[in-house]
Enquirer: 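I'd like to ask you about the structure that follows.
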2 protein chains.
Amino acid sequence: METTTSLQTEQKAEELGTKARLLSVAEKLFAERGLAATSIRDLARKAEVNIAAVNYYFGSKENLYLETLRHTFQKAIVSSPRFDQLLKEAQTTKTPQAAQQAIAEYIELFIKLILTSDEARRHACLMSREMSDPTPALDVVVAEFILPKHKALTALIVQAQPALTGSKDLPFYALSIVSQCLHYHFALPIILKLLNKKEMTPEVINQVAKHIASFSLRALTSLTPNNL
Amino acid sequence: METTTSLQTEQKAEELGTKARLLSVAEKLFAERGLAATSIRDLARKAEVNIAAVNYYFGSKENLYLETLRHTFQKAIVSSPRFDQLLKEAQTTKTPQAAQQAIAEYIELFIKLILTSDEARRHACLMSREMSDPTPALDVVVAEFILPKHKALTALIVQAQPALTGSKDLPFYALSIVSQCLHYHFALPIILKLLNKKEMTPEVINQVAKHIASFSLRALTSLTPNNL
DNA sequence: AAGTAATTAAAACAAACGTTTGATTTGTAA
DNA sequence: TTACAAATCAAACGTTTGTTTTAATTACTT
């Protein structure tokens, strides 16, 4: 029996139970290869777990995939106050300049997470696979993870450019910013070829972050009532 | 025997041979489900062809996939002078204004292709699957298809904003524009949920095209030597 | 210490997979 | 017609797939 409260079942706190070990390896493999290309046997072997454990704990492979996405993005939600902090800070200082600065930092944080953090990369991989082959899990992730972030960023954008208040294509602004960042995840292999590079160096990453921030803020701040 | 020159083997010109039928169905299925999730049996059944035909004509499933990508993007290259024409026209009129207009039309054409043309959508699907799980075919597609387009768009950008000449983050500008467009393919299911829509209507598509063009051109034209 | 529930383990299941085989049909040229 | 090569076909190949079964083992409660 897997008890979550008692510590007697685990000699060391660091040791993961069978279920947790499955979820951990599943996150890795599903992100790397996708649902169809990941076999339960490979998964069980890498998790050092019997083949039957998957069906014992999760009922089916599909359900393991669904639970893996839930588990992964719940982790991400908990560990994302870094972003939310940024948004809150700007709201205290209500000036457009503060919001613009927050947007620039948001972009920089986003780009660096995607291009340097293995965990963030896994999340992005799982998400892009969901977009190619949507499952019921996508609804949950969008509602609980993406929609709140989109709303928060949009609020920041309005603060940075008050002229946008009530504009009918307001929701597209956050998409313009986020899409530029995500492109450096989705299209990374292509972008590396275009830049004639083997990998993303810290210098290039900084350059990219600065470019997207500058590009987007110019688009935002140069907005005049004529453009609306 | 499949003869490519003689017409006697095909009663009607519209009828496709076994090989062509396989390539056609393969493009569809690989785009919809990906390599791993597409079975040769399903493919052969939908192409009304014997199972052994795949290995007879292509040697293996993997090779069929590779040939499908080659075939598909070679078609795309041939049928893309619509884009190239746009670039050429701007070069004749050498003014920044002409280039800016061309960029706006480029974006509109791009967005509408991605969101309305089934063939363009298939190409985009194949490409996004290649980016998630790169195969040797990616190199070919990038070199022959993407790199030329990136160079042409970059030339257009320099013409639209001559101050960018020689700038070290010049290659990122085309990426900023293209990424915004592609996002409406990659993240379409998510974007629909964000916009609370069932599907993309022609009105929204127009709105998106206008937004991206306006957003990008503002970012481009508001560039001053200070920003460099 | 006994007994019950939870977990692990090994083995086997049918189904589907990509591929190969060998025979048959088809088209063409001698 | 005869001969030969290309194309198509049904059938079966050996693996691998996700899942289930059955038995042994472990952990917890009474």
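Every chain is numbered from 1 and lettered A, B, ... according to where its sequence line falls, protein lines coming before strand lines.
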Enquirer: Tyr65(A) and side chain to side chain donor-acceptor pair (under 3.5 Å): which partner among Arg129(A), Glu130(A), Arg70(A)?
Expert: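 Going through the options one by one, the only one that passes is Glu130(A).
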Enquirer: Just checking, is any N or O donor in the side chain of Gln180(A) or Ser176(B) under 3.5 Å from an acceptor N or O on the other one?
Expert: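 Yes - a donor-acceptor pair under 3.5 Å links their side chains.
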Enquirer: Does a donor on one side chain and an acceptor on the other come within less than 3.5 Å for Gln85(B) and Glu89(B)?
Expert: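 Per modelled atom types, Gln85(B) and Glu89(B) side chains form a pair under 3.5 Å.
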Enquirer: Take the protein atom CZ of Arg33(A) and the nucleotide atom C1' of dT17(D), then report the distance between them rounded to whole Å.
Expert: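 The distance from CZ of Arg33(A) to C1' of dT17(D) comes to 15 Å, rounded to the nearest Å.
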Enquirer: Whole-Å distance between dG18(D) P and Arg45(A) CZ?
Expert: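 Rounded to whole Å, this separation is 13 Å.
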Enquirer: Quick one: do the His123(B) and Thr72(B) side chains pair a donor with an acceptor below 3.5 Å?
Expert: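 Distance-only check fails for His123(B) and Thr72(B).
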Enquirer: Measure the distance from CG on Asn50(A) to P on dT20(D) and round it to the nearest whole Å.
Expert: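 Atom CG in Asn50(A) sits about 15 Å away from atom P in dT20(D).
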Enquirer: Quick one: sort the Tyr184(B) and Phe172(A) rings into parallel, tilted or perpendicular, breaks at 30° and 60°.
Expert: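 If you compare the ring of Tyr184(B) with that of Phe172(A), the planes turn out tilted.
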Enquirer: Identify which nucleotide among dA10(C), dT19(D), dT19(C) has an atom closest to any side-chain atom of Asn55(B), counting heavy atoms from C-beta outward.
Expert: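 The closest nucleotide is dT19(C).
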Enquirer: Could you tell me how far apart Leu35(A) (CG) and dT17(D) (C1') are, to the nearest whole angstrom?
Expert: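 Value for this atom pair: 13 Å.
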Enquirer: Is Ser60(B) near enough to dG18(C) that one of its side-chain N or O atoms lies under 4.0 angstrom from OP1 or OP2?
Expert: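 So the side-chain polar atoms of Ser60(B) never come under 4.0 Å of the phosphate oxygens OP1 or OP2 of dG18(C).
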Enquirer: Using a 4.0 Å heavy-atom cut-off across all strands, classify Ala53(A) as base, sugar-phosphate, or nothing.
Expert: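 Result for Ala53(A) = nothing.
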Enquirer: Output yes when at least one side-chain N/O atom of Tyr56(B) is less than 4.0 Å from OP1 or OP2 of dT19(C), else no.
Expert: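 Tyr56(B) to dT19(C) OP1/OP2: no side-chain N or O under 4.0 Å.
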Enquirer: Could you go over nucleotides 22-26 of chain D and give all protein N or O partners under 3.5 Å, atom names and distances?
Expert:
none

Enquirer: Suppose we call two aromatic rings close when their centres sit under 6.0 Å apart. Are His211(A) and Tyr173(B) close by that rule?
Expert: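 Between Tyr173(B) and His211(A), which both carry aromatic rings, the centre distance is below 6.0 Å.
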Enquirer: Lys149(B): what forms a salt bridge (Lys or Arg N to Asp or Glu O under 4.0 Å) with it, not counting sequence neighbours?
Expert: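 Applying salt bridge (Lys or Arg N to Asp or Glu O under 4.0 Å) to Lys149(B) gives Asp84(B).
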Enquirer: Please state how far atom CZ in Phe58(B) lies from atom C1' in dG18(C), giving the value in whole angstrom units.
Expert: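 Checked: the CZ to C1' distance equals 16 Å.
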Enquirer: Distance check: side-chain N/O of Thr18(B) vs OP1/OP2 of dT8(D), anything under 4.0 Å?
Expert: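 Yes, such a contact exists.
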Enquirer: How are the rings of Phe110(A) and Tyr106(A) set to each other: parallel, tilted or perpendicular (split at 30° and 60°)?
Expert: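 Taking Tyr106(A) first and then Phe110(A), their aromatic rings stand perpendicular (interplane angle over 60°).
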Enquirer: Polar pairs (N or O, both sides) under 3.5 Å between protein and nucleotides 13-17 of chain C?
Expert:
{"from": "dC17(C)", "atom 1": "OP1", "to": "Ser39(B)", "atom 2": "OG", "distance (Å)": "3.4"}

Enquirer: Would you mind reading off the distance between Glu48(B) atom CD and dC9(D) atom P, rounded to a whole angstrom?
Expert: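 Rounded to the whole Å, the gap is 10 Å.
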Enquirer: Is Glu32(B) paired with Lys28(B) through a side-chain N to carboxylate O contact shorter than 4.0 Å?
Expert: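 Not counted as a salt bridge, because no side-chain N and carboxylate O are separated by less than 4.0 Å.
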